[in-house]
There are 2 protein chains.
Amino acid sequence: MAVNSDMMRGMAEPVILKLLNHKKMYGYEIIKVVNEKTNNAFQWKEGTLYPCLHRLEADGLIESEWEIADNGKPRKYYTLTKKGQAEMAAKVEEWSHFAQAVNTLLFA
Amino acid sequence: MAVNSDMMRGMAEPVILKLLNHKKMYGYEIIKVVNEKTNNAFQWKEGTLYPCLHRLEADGLIESEWEIADNGKPRKYYTLTKKGQAEMAAKVEEWSHFAQAVNTLLFA
DNA sequence: TTGACATACATCGTCACTCGATGTATAATT
DNA sequence: AATTATACATCGAGTGACGATGTATGTCAA
């Protein structure tokens, strides 16, 4: 039930920002949570997520800090900035418009 | 209220197939109808639509024939093939899965 | 009548992104 | 000892949207 990858485009950023608005997370965790929450309709890979996280950080929407987990592995935790919160709200709004437009075209 | 172009990716094909399932249309008409129906949330351009139509025709999902309109302009009308109908149904279904996955992530 | 605008087709180069492959490293499991 | 899971990261190939550009004709107002 995997979704066409082309549809994914443009959704990674709003989804990441929304998740980080809830709590700080690290990359590998985001991949697992997204894939699980969508029952693998989304199948994110490292090659997709990490460049995206770096992009968001470069844009000042998220910040990172290293921590050592209980299992001894270093994790880079990301948190949302003020700018990121505003961007998140805008992108969620944008999704609503987009989804409504598509529904109009496909089911009207 | 224009939508991020990245979100558009993967939506052009299902939308075109759906429109052509309703009636035969020509390229310029599709652009106008889509932009109007979405209140310009979608802002399709020639550079987006025509290559997409050629792709769909090469894949055997749509067929074309020239007609001369009342205003004297030649128009290339597109119709949906049997294969295109099946693909259309599959892609609409895929959209539903995708939209639900995104809603789960953004509003849960 | 002439210039602007709409209609209608089309292509091309640039830019950006996804994905699979690959790499490094450690801990846990078998 | 080998495999799997965790966790970071990069790179190249392929894809596709978009703006710009081109061609051609019809309409309409200044």
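Letters A, B, ... are given to chains in the order of the sequence lines, protein chains preceding strands, and every chain is numbered from 1.
Checked by atom type and distance alone, the side chain of A:E29 pairs as donor or acceptor with a backbone atom of A:Y26 at under 3.5 Å.
As a whole-Å value, the separation of B:K45 NZ from D:dA20 P is 9 Å. Between the CG atom of A:N35 and the P atom of C:dC19 there is a distance of 11 Å, rounded to whole Å.
The 5' end of DNA chain C is approached more closely, in terms of each residue's nearest nucleotide, by A:E13 than by the other of A:E13 and A:K73. For the pair B:R9 and B:W66, nearest-nucleotide mapping onto DNA chain C gives the more 5' position to B:W66. Sequence order on DNA chain D of the closest nucleotides to A:K76 and B:G47 puts A:K76 first from the 5' end.
Between B:N71 and C:dA6 there is no side-chain polar atom (N or O) within less than 4.0 angstrom of OP1 or OP2. Of the side-chain N and O atoms in B:Y50, none sit less than 4.0 angstrom from OP1 or OP2 of C:dA10. Applying the 4.0 Å criterion to OP1 and OP2 of D:dA7, one finds that A:Y26 has a side-chain N or O inside that range.
Within the 4.5 Å cutoff, no side-chain heavy atoms of A:L61 are placed close to those of A:L80. A:E57 places a side-chain heavy atom less than 4.5 Å from the side chain of A:S64.
Here B:E13 pairs with B:R55 in a salt bridge; the nearest charged N to carboxylate O distance falls below 4.0 Å.
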